[in-house]
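One structure below.
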Amino acid sequence: MRSGRLAAVAAAAMAVAGLTAACGAPAGVAGVSSLPSVPRAEEPPPETPDGAVAASKGGGAVGDSDHMRSVVPPPAPDPVRLPPPKVSSYTYAFPVKGCRVSYARQLLVLPKTVIWAGKGCAFVSPVNGVVREVNVQNRWVPSTDRGQDREGRYVTVLGEDGVVYLGGHLDSIEPDVRPGATVKTGQRLGRLGNSGNARDTASNLYFAISWPAPPEYWWIRRGMVEPWDYLDAWYDGNRTLSPKKAVFALRKRVGKLPACDRLCTAKTPPTTKSGAVEKAEKADTTTKTRASVRRQNRPEEEPTMVIPG
C-alpha cells in the first residue's frame, strides 16, 4: 500500500514538472517555428560563368547545404584543344598573311571570292607548288572591260595537289616569282592592291580555285570551285582540308575545257576616226567646194565641168 502511494506521488510530481517546462518555453504561432532563425545572405549566392555556385572562403559553397556543395565543379586544369583530324596529305595556308581579313561566303556571279584586307598585305602561296602564270601589267580599262584583264596583276600557282590557285588585284609581285619557280606553303608571292577592275574599290585579293588550262581559256583560271569552305578551314586551323576531290569531280562533269558562260564578252569601244580618214574627208570636202565656186563664176552657156582638185 505504501509503495502504491509513493508511485502515485512520483507520477504527479513528474506531471507538474512537465507542465512547468511547457509554460516556460517561448510561445509561438501554429505552423511557425519558434526556434532562432538561421542568418541568410542579403543577395542570392553568386554563380560562376559555367552556372555553378561559387565557393565560400571556407571551401564550401555559399550557403551551408550539401546540395549546393555538390554542384561546385572540382578543381581541374584548362581543357586541352585537340588538333583537327588530318584529312589529306597536303598542308595549306590561308592566302593572306599577317592582316585582318573578311570575305564573302556566297556565290555572286563567279565561283570565287574577294578577300578584303589592307593594301600591301602579303599574298602567300596556299600550298607547295610551281608558279604557272604571272602578269605584272595592269591592262584592264573600263572602256573594254576584257575578261582576261579583270584580275589586273595576278599570280597562279599549280599546287602539288594538281589544283590551280589564282591571286589577283595585286599591287605588286615579288621579283623572284616567275613561271616555273617552286614555291612553298605560306611563301609570299605579292602584295594586295586594287589593280584590274578593282581600281575603284578598297584593296583586296581576288582568290579562285580551278584546274590547269591553256592561257587562252582564261575563264577557267578565274574560278570554277567555290573556295570559302576551304578558306574557313585553313583560317580556323584545319590546314589539311583539300579542294582536290571537288575540283576534279567538277572537271570530269563539265570537261577539261568548258566554254565560257558568264562575263565572257568585252565591251566594244566607241569608234573614232583615224587621222588619215579625217584628212581624206577634209580634202574631199575642199575639192567639192572649189568646184561649186567655179561653176557659179562661169557663163551659163558654158558646160559644167568638174575640175579635179
> Taking all atoms of both residues into account, what is the closest heavy-atom pair of Ala93 and Gly186, and its distance?
Replying inline: CB-N, 4.1 Å
> Roughly how far, to the nearest 0.5 Å, is the OG atom of Ser172 from the CZ atom of Phe123?
Replying inline: 12.0 Å
> Do the non-hydrogen side-chain atoms of Phe207 and Pro126 ever get within less than 4.5 Å of each other?
Replying inline: yes
>> For Ser242 versus Asp161, what's the shortest heavy-atom pair and its separation?
In response: OG-OD2, 4.2 Å
>> Quick one: does any side-chain atom of Arg153 pair with a main-chain N or O of Val136 as donor and acceptor, under 3.5 Å?
In response: yes
> Would you say the side-chain atoms of Asp171 pair up with the backbone N or O of Leu192, donor to acceptor, closer than 3.5 Å?
Replying inline: no
> If Ile, Leu, Val, Met, Phe, Trp and Tyr residues are connected whenever their side-chain heavy atoms lie under 4.5 Å apart, and connections chain through other members, are Leu263 and Val141 in the same group?
Replying inline: no
> Going only through I, L, V, M, F, W and Y residues with side-chain contacts under 4.5 Å, is there a path from Ile115 to Tyr235?
Replying inline: yes
Please table the atom pairs, donor to acceptor, closer than 3.5 Å between any side-chain atom in residues 247-259 and protein atoms at least two apart or in another chain.
none

> Are any side-chain N or O atoms of Arg221 and backbone N or O atoms of Gln148, one a donor and one an acceptor, separated by less than 3.5 Å?
Replying inline: yes
> What is the distance from atom SG of Cys121 to atom CH2 of Trp116, rounded to the nearest 0.5 Å?
Replying inline: 13.5 Å
> For Leu110, does its backbone N or O pair with a side-chain atom of Arg262 as donor and acceptor, under 3.5 Å?
Replying inline: no
> What is the minimum heavy-atom distance between Pro111 and Gly223, and which atoms define it?
Replying inline: CG-O, 3.4 Å
>> Test your reading of the model: is there a side-chain donor-acceptor pair from Asn135 to the backbone of Gly152, 3.5 Å cut-off?
In response: yes
> Between Thr113 (side chain) and Ala104 (backbone), is there a donor-acceptor pair under 3.5 Å?
Replying inline: yes
> When you measure from the side chain of Thr156 to the backbone N and O of Leu166, does any donor-acceptor pair fall under 3.5 Å?
Replying inline: no
> Would you say the side chain of Leu205 lies within less than 4.5 Å of the side chain of His169, judging by non-hydrogen atoms?
Replying inline: no
>> When you measure from the side chain of Ser203 to the backbone of Lys119, do you find a donor-acceptor pair of N or O atoms at a distance under 3.5 Å?
In response: yes
>> A side-chain contact here means heavy atoms from C-beta on lying under 4.5 Å apart; do Pro243 and Tyr165 qualify?
In response: yes
> Is the shortest heavy-atom distance from the side chain of Pro215 to the side chain of Glu133 under 4.5 Å?
Replying inline: yes
> Say you draw a straight line from OH of Tyr230 to CG of Leu241; how long is it, rounded to the nearest 0.5 Å?
Replying inline: 6.0 Å
> With the 4.5 Å side-chain cut-off for hydrophobic clustering, are Val183 and Ile173 part of the same group?
Replying inline: yes
> Can you find a pair of side-chain heavy atoms, one from Lys245 and one from Ser88, that are under 4.5 Å apart?
Replying inline: no
> Looking only at heavy atoms, what is the nearest atom pair of Ala198 and Asn204, with distance?
Replying inline: CB-ND2, 3.9 Å
> Do Val163 and Trp211 sit in the same hydrophobic cluster, where Ile, Leu, Val, Met, Phe, Trp and Tyr count as joined when their side-chain heavy atoms come under 4.5 Å apart?
Replying inline: yes
>> One pair to check against side-chain contact (heavy atoms from CB on, under 4.5 Å): Asn128 and Lys184. What are the steps and the verdict?
In response: CA-CA 4 Å; Asn128 293 341; Lys184 296 293 184 182; 3.7 Å; yes
> Residues in ring pair (Phe, Tyr, Trp, His ring centres under 6.0 Å) with Trp219, at least two apart?
Replying inline: Tyr217
> For Thr185 and Tyr90, what are the C-alpha separation, side-chain angles and deciding distance, and is it a side-chain contact (heavy atoms from CB on, under 4.5 Å)?
Replying inline: CA-CA 10 Å; Thr185 303; Tyr90 310 106; over 6 Å; no
>> Distance check, rounded to the nearest 0.5 Å: Asn138 atom CG versus Glu151 atom CD?
In response: 11.0 Å
> Where is the tightest heavy-atom contact between Cys264 and Asp261, given as atom of each residue plus distance?
Replying inline: SG-N, 3.3 Å
> Can you tell me how far the CD1 atom of Ile209 sits from the CH2 atom of Trp228, to the nearest 0.5 Å?
Replying inline: 10.0 Å
>> The criterion is side-chain contact (heavy atoms from CB on, under 4.5 Å); which residues satisfy it with Glu174, sequence neighbours excluded?
In response: Asp176, Val177, Arg188, Arg191
>> Please check: side-chain N/O of Asn194 versus main-chain N/O of Ala202, any donor-acceptor pairing under 3.5 Å?
In response: no
> Under 3.5 Å, side chain of Tyr154 to main-chain N/O of Tyr206, donor-acceptor pair present?
Replying inline: no
> Mind checking whether Tyr92 and Val96 sit in one hydrophobic cluster, side chains of I, L, V, M, F, W, Y counted as touching below 4.5 Å?
Replying inline: yes
> Do Glu160 and Val127 have side-chain heavy atoms sitting under 4.5 Å apart?
Replying inline: yes
> Are the side chains of Leu231 and Pro95 in touch, meaning some heavy atoms are under 4.5 Å apart?
Replying inline: yes
>> With a sphere of 6.0 Å drawn around CZ of Arg105, does it hold more than 12 non-hydrogen atoms of other residues, nucleotides or ligands?
In response: yes
